[in-house]
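Report on one structure; see the data block that follows.
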Amino acid sequence: MELRIQGLSKTYANGVKALDDVSLHIPTGMFGLLGPNGAGKSTLMRILATLQEADAGMAMLGDPGSEAGTSLDVLNQKEEVRKVLGYLPQEFGVYPRVNAQEMLDHIALLKGVTNKRERKDLVEALLQKVNLWEHRKRRLSGYSGGMKQRFGIAQSLIGEPRLIIVDEPTAGLDPGERNRFYNLLTEIGENVIVILSTHIVQDVQELCSNMAIINKGRLLYAGPPDASLRAIHGRVWEKTIAKSDLERYAASGRLISNKLIAGKPVIRLLSDVSPEDGFAAAEPGLEDVFFSAISKGNLEHVNA
Ligand code: ADP
């Protein structure tokens with residue numbers, strides 16, 4: 001399975017260019033779409049989930065090497081795409097008075113699993129898979145954030161989808177819930193395409209073999225996280241500074257990030273050579289890739 005996106009653009013009626021000529025190749029496995037709030041991630045997710053129209057571009061879903069005619073045109077063959085699609089939206093509306101088992105049964109029926117016995121087996125298997133079997137009789141309104149997200153994944157898996165889209169699934173989860181959710185996604189991502197949109201760098205770091213960084217509708221980087229780290233290796237520098245110096249460094253154009261550690265700003269710069277006394281070479285992390293990409297507006301220095 002692979003998804004090929006070519007020249008996708010979308011401008012909203014208010015003039016906001018949410019996607020600007022985005023082209024991406026997404027293979028089987030976990031793919032991270034990383035960007036800050038407002039970057040255009042949900043717009044891209046909704047277009048791929050056939051819920052929104054693009055202004056221009058195309059997206060083809062198919063098996064690599066197969067004939068062009070056997071691929072699905074995601075933007076135009078919506079009904080066919082929905083049959084192979086699992087979608088977990090950013091806001092998953094749940095029905096407070098219904099328990100997980102009833103709700104999954106209902107969704108399975110809506111998705112065309114009409115045989116009662118088959119549906120029962122399916123719902124049981126899904127509840128076991130996402131580790132909610134014990135809680136199957138509990139009302140969804142009483143679920144924690146992590147349980148709701150695992151329920152959301154269970155419903156997205158009905159119909160054995162080959163393309164799964166999850167929009168900001170870990171926002172609001174505590175670290176334990178996030179880990180359980182990671183484990184679940186990892187299991188699922190082995191044989192299908194899972195596109196995970198997130199503003200949380202750790203999500204991509206832990207899960208994804210390929211990623212893209214977008215900001216203001218533009219694609220800034222596409223490739224494996226490892227390659228992006230190698231590209232900035234030896235060019236990240238760190239120093240603890242006085243608060244009063246922060247502005248000067250920010251104006252230098254090389255600032256990647258600043259964090260307060262024990263009340264003092266610790267800054268990171270991207271520079272080919274050692275910036276000045278007091279800076280130590282730092283091990284680059286994906287956060288450095290992300291922040292340098294979005295602060296510069298492009299990753300030419302990373303891709304170089
Ligand atoms: P993200 O998911 O990365 O936070 P979105 O795709 O939700 O980004 O939004 C991208 C940009 O498009 C933002 O500037 C947002 O305000 C704008 N936007 C999103 N939806 C709409 C809409 N329905 N009408 C107008 N502007 C929108």
Side-chain angles (χ1 to χ4, degrees), residues 3-26 30-59 61 74-75 78 81-82 85-93 145 148-149 152-153 156 163-173 178 181-182 185 189 193-208 210-223 225 228 256-257 286-299 302:
L3 179 64
R4 286 189 178 274
I5 298 168
Q6 194 67 47
L8 213 57
S9 291
K10 170 77 185 178
T11 303
Y12 285 108
N14 61 1
V16 173
K17 200 161 204 175
L19 292 177
D20 185 1
D21 196 18
V22 170
S23 297
L24 274 176
H25 170 226
I26 302 181
M30 297 282 307
F31 187 93
L33 181 69
L34 186 60
N37 287 328
K41 303 183 297 297
S42 289
T43 303
L44 179 56
M45 301 289 92
R46 286 194 304 259
I47 290 171
L48 297 175
T50 75
L51 299 170
Q52 202 172 341
E53 300 287 331
D55 299 334
M58 54 190 258
L61 179 68
V74 176
L75 305 187
K78 294 197 174 110
V81 170
R82 284 173 196 153
L85 173 76
Y87 178 53
L88 176 58
Q90 202 169 357
E91 301 281 333
F92 186 67
K148 279 182 182 157
Q149 288 305 68
I153 283 293
S156 79
L163 170 64
I164 297 176
I165 293 176
V166 285
D167 200 355
E168 300 261 2
T170 65
L173 301 191
R178 181 168 295 169
F181 193 71
Y182 284 165
L185 279 183
I193 299 175
V194 180
I195 308 177
L196 167 93
S197 98
T198 183
H199 63 272
I200 299 167
V201 172
Q202 192 200 350
D203 289 351
V204 174
Q205 197 158 311
E206 304 245 343
L207 292 172
C208 300
N210 283 288
M211 70 165 184
I213 299 176
I214 65 167
N215 193 25
K216 296 180 182 158
R218 288 183 50 220
L219 181 70
L220 303 177
Y221 176 82
S228 72
I256 302 173
S257 62
L286 214 47
E287 226 178 58
D288 297 313
V289 174
F290 178 56
F291 285 125
S292 54
I294 61 176
S295 65
K296 295 265 178 180
N298 65 69
L299 255 191
V302 171

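Atoms within a ligand are numbered from 1 in the order they appear, just like the ligands themselves.
Taking 4.0 Å as the cut-off, G35 does not count as a neighbour of ligand 1 on heavy-atom distance. Close to ligand 1: P36, with a non-hydrogen atom less than 4.0 angstrom away.
Regarding atom 10 (C) of ligand 1, its nearest protein heavy-atom neighbour is G38 O, 3.4 Å. Considering only non-hydrogen protein atoms, atom 25 (C) of ligand 1 sits nearest to N14 ND2, 3.2 Å.
At least one N/O-N/O distance between K41 and ligand 1 falls below 3.5 Å. Between S42 and ligand 1, a contact under 3.5 Å exists for at least one N or O pair. For Q90, no nitrogen or oxygen atom sits less than 3.5 Å from a nitrogen or oxygen atom of ligand 1, counting backbone and side chain alike. Between G40 and ligand 1, a contact under 3.5 Å exists for at least one N or O pair. Taking only nitrogen or oxygen atoms, main chain and side chain alike, A39 reaches within less than 3.5 Å of ligand 1.
Contact annotation for atom 22 (C) of ligand 1: protein present (non-hydrogen atoms, distance under 4.0 Å). For atom 16 (O) of ligand 1, the nearest protein heavy atom lies 4.0 Å or farther away.
When each atom of ligand 1 is checked for a heavy atom of V16 under 4.0 Å away, the hits are 11 (C), 12 (O), 14 (O), 17 (C).
In T43, the parts holding a heavy atom less than 4.0 Å from any atom of ligand 1 are both the side chain and the backbone.
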Start with the C-alpha distance between Y87 and L51, add both sets of side-chain angles, then the distance that settles side-chain contact (heavy atoms from CB on, under 4.5 Å), and finish with yes or no. CA-CA 10 Å; Y87 178 53; L51 299 170; 3.3 Å; yes
*asked:* Between I5 and L3, does the side-chain contact (heavy atoms from CB on, under 4.5 Å) criterion hold? Intermediate values first, please.
replied: CA-CA 6 Å; I5 298 168; L3 179 64; 4.1 Å; yes
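Qualifying side chain to side chain contact (heavy atoms under 4.5 Å, CB included) partners for T11, counting only residues two or more places apart in sequence or in other chains: K17, D55. Remark: T43 engages K10, Y12, A18, L19, R46, I47, Q52 in a side chain to side chain contact (heavy atoms under 4.5 Å, CB included) (not counting sequence neighbours).
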